[in-house]
Amino acid sequence: MKLYKRIAALGTAALLSLSLTACGDTSWVYKAEDDTISSGVYLGYLTQAYLNGQSEEGFDPKIKNIWKQKIDKMSYKEYCIDKAEKDSRRHLIINEKFDEMKLKLTEEDQKNIESQVSFMWDMYGYQNYFQPNGTSKESFEKIITTTNKEKAIFDAYYAEGGLEEVSKDTLKKELLDNYADINYFEMSFEGKEEGSVLSSSEIEKLKEKAEGYAERINKGENSFNEVKTEYQDEVAKESAKEDEKDFKPTKKEDIKKDTDTKQLLPKEGSSMSEKFVKAVFDDIKTDKATVITVDTSYYVVVKYDIKDDMENNMKNTSDAILSNLKGEEFEKMVQGWIKDLKVEENSASLHKYSPKNIEIAEPEQ
């Protein structure tokens with residue numbers, strides 16, 4: 001995502017308007033009954049809106065001045081403010097409903113929250129975006145906690161034992177109809193220069209190699225991960241040679257079992273291309289390695305009988321299946337709650353915390 005560093009100076013009128021509100025309490029932005037959106041949490045949502053807007057369909061990367069962008073017929077400033085307000089109101093109603101339903105976060109939930117915060121804030125670098133713009137790690141944790149509370153409310157409605165529980169039979173049917181259990185690896189025939197491909201003879205040799213891998217798997221000569229590792233080591237060795245570096249092949253004991261690397265591919269919503277997904281569901285036989293061609297890549301794919309590991313497959317997909325089945329219904333319910341929520345706004349804070357004050361540093365080269 002391209003991040004733009006704001007280059008602007010506050011004019012005399014802006015400075016004057018800020019001074020007029022300086023005496024107001026700007027430690028909070030929205031209130032609803034006993035819950036409050038602090039300035040730190042609000043600035044977190046505002047910063048998040050600023051960043052997320054650059055991934056919206058209407059964002060035009062050709063327009064260098066971000067404040068001249070239009071998203072959903074709104075100026076970029078209006079978009080950021082609108083998104084931050086919606087997220088803040090959602091935050092308030094989720095906390096209210098969580099308490100109203102007498103739900104509790106388990107010890108495991110708390111550990112997951114700590115893990116999520118640590119990963120995103122420290123390891124993934126969220127602190128570099130949020131902290132300079134007024135959101136502390138503690139405020140960020142409040143945002144993540146509310147997200148987990150929303151998941152708890154969703155489960156309280158639709159998961160096992162919920163108010164509107166989705167039956168195991170329904171979940172199982174969705175799994176069998178809309179998921180495939182696979183292992184795969186890619187063998188690209190793109191060239192080293194951008195937009196180029198290998199020569200016809202090189203592409204043919206790569207295809208023969210891919211088909212050879214599939215044949216060895218089908219004959220039981222090698223496991224899927226053995227041929228995958230063989231190919232990846234070959235590519236890494238060639239790269240090391242070009243860079244004049246040493247190469248160490250993968251030790252046999254470090255090669256994973258095929259059952260440890262399987263993944264469930266959804267028929268809809270996958271990051272893989274439609275052509276790849278269609279081939280997996282329509283063209284590939286179960287328990288057989290197959291080579292499929294998608295754009296400038298060959299894929300060696302093994303599809304397993306999803307029923308063979310039903311318990312784990314159900315466990316790994318139940319959240320996604322529930323979301324697909326009930327996500328829209330739940331969203332309508334949440335929006336209804338938000339509509340009925342009585343919220344007090346702090347005009348001094350809203351005036352002070354403009355998205356135009358957000359500073360995002362360009363990444364170091």
Side-chain angles (χ1 to χ4, degrees), residues 55 57 154 158-160 165-190 197 203-204 206-232 235 255-331:
S55 300
E57 187 175 341
F154 182 89
Y158 306 116
E160 185 176 357
E165 177 184 351
V166 177
S167 70
K168 287 184 178 180
D169 287 343
T170 299
L171 295 175
K172 183 177 179 180
K173 184 178 186 306
E174 287 294 316
L175 173 64
L176 295 174
D177 290 347
N178 296 300
Y179 285 82
D181 196 9
I182 63 170
N183 263 320
Y184 73 92
F185 68 92
E186 180 182 8
M187 301 171 66
S188 173
F189 48 87
E190 287 185 341
V197 295
I203 291 173
E204 186 59 33
L206 191 66
K207 183 179 181 181
E208 289 175 2
K209 183 176 290 186
E211 291 174 341
Y213 287 149
E215 185 177 357
R216 284 161 55 187
I217 295 170
N218 291 331
K219 286 183 176 180
E221 295 176 4
N222 297 101
S223 70
F224 169 85
N225 277 313
E226 284 173 345
V227 299
K228 175 185 176 182
T229 302
E230 180 181 323
Y231 174 69
Q232 290 179 337
V235 172
I255 298 175
K256 295 181 179 180
K257 296 179 181 179
D258 291 357
T259 52
D260 293 339
T261 58
K262 290 190 306 175
Q263 51 191 296
L264 290 161
L265 177 75
K267 189 176 288 187
E268 295 183 3
S270 169
S271 60
M272 301 299 293
S273 71
E274 288 183 16
K275 188 175 181 181
F276 179 90
V277 174
K278 187 177 186 303
V280 168
F281 279 91
D282 298 342
D283 304 332
I284 295 179
K285 294 181 180 179
T286 302
D287 292 325
K288 183 179 179 181
T290 308
V291 177
I292 61 175
T293 309
V294 178
D295 299 326
T296 55
S297 293
Y298 294 119
Y299 290 88
V300 178
V301 187
V302 180
K303 183 167 74 171
Y304 307 94
D305 188 337
I306 204 165
K307 296 177 184 176
D308 289 345
D309 197 13
M310 201 64 186
E311 185 176 345
N312 277 330
N313 289 336
M314 284 282 286
K315 180 180 178 181
N316 293 333
T317 58
S318 60
D319 283 350
I321 291 173
L322 279 175
S323 180
N324 288 336
L325 289 175
K326 294 295 183 178
E328 188 175 336
E329 178 183 306
F330 182 71
E331 182 60 26

>> Quick check on E221: does its CD atom have over 12 non-hydrogen neighbours (other residues, nucleotides or ligands) under 6.0 Å away?
In response: yes

> For P266, does its backbone N or O pair with a side-chain atom of S270 as donor and acceptor, under 3.5 Å?
Replying inline: no

>> What's the separation between atom CD in E211 and atom CD in E208, rounded to the nearest 0.5 Å?
In response: 7.5 Å

>> Rounded at 0.5 Å granularity, tell me how far NZ in K256 sits from NZ in K228.
In response: 8.0 Å

Atom pairs and distances, donor-acceptor, side-chain atoms in residues 284-300, under 3.5 Å, two or more places apart:
from	atom 1	to	atom 2	distance (Å)
T296	OG1	E190	OE2	3.4
S297	OG	E186	OE2	2.5

> Where do E165 and A159 come nearest, in terms of heavy atoms and distance?
Replying inline: CG-O, 3.5 Å

> Looking at residues at least two apart in the chain, or sitting in another chain, which of them share a salt bridge (charged side-chain N to carboxylate O under 4.0 Å, His left out) with D282?
Replying inline: K278

> Are any of the side-chain heavy atoms of F276 and V301 separated by less than 4.5 Å?
Replying inline: yes

>> Quick check on Q232: does its CD atom have over 12 non-hydrogen neighbours (other residues, nucleotides or ligands) under 6.0 Å away?
In response: yes

>> Return the CD to OH distance between E226 and Y213, rounded to the nearest 0.5 Å.
In response: 12.5 Å

> Quick one: salt bridge (charged side-chain N to carboxylate O under 4.0 Å, His left out) partners of E204, sequence neighbours excluded?
Replying inline: none

> Roughly how far apart are K303 NZ and Y184 OH, rounded to 0.5 Å?
Replying inline: 15.5 Å

> Where do F224 and I217 come nearest, in terms of heavy atoms and distance?
Replying inline: CA-CD1, 3.8 Å

> Out of curiosity, E230 CD to R216 CZ, how far, rounded to the nearest 0.5 Å?
Replying inline: 4.0 Å

> salt bridge (charged side-chain N to carboxylate O under 4.0 Å, His left out) with E329: which residues, sequence neighbours excluded?
Replying inline: K326

> From N183 CG over to L265 CG, what is the distance, rounded to the nearest 0.5 angstrom?
Replying inline: 12.0 Å

For residues 314-325, tabulate all N or O donor-acceptor pairs below 3.5 Å that involve a side-chain atom, not counting sequence neighbours.
from	atom 1	to	atom 2	distance (Å)
N316	ND2	N312	O	3.1
T317	OG1	N313	O	2.7
N324	ND2	A320	O	3.4

>> According to side chain to side chain donor-acceptor pair (under 3.5 Å), does anything in residues 168-182 pair up with another residue at least two apart or in another chain? List the pairs.
In response: S167-T170, K173-D177, E174-N178, D181-K262

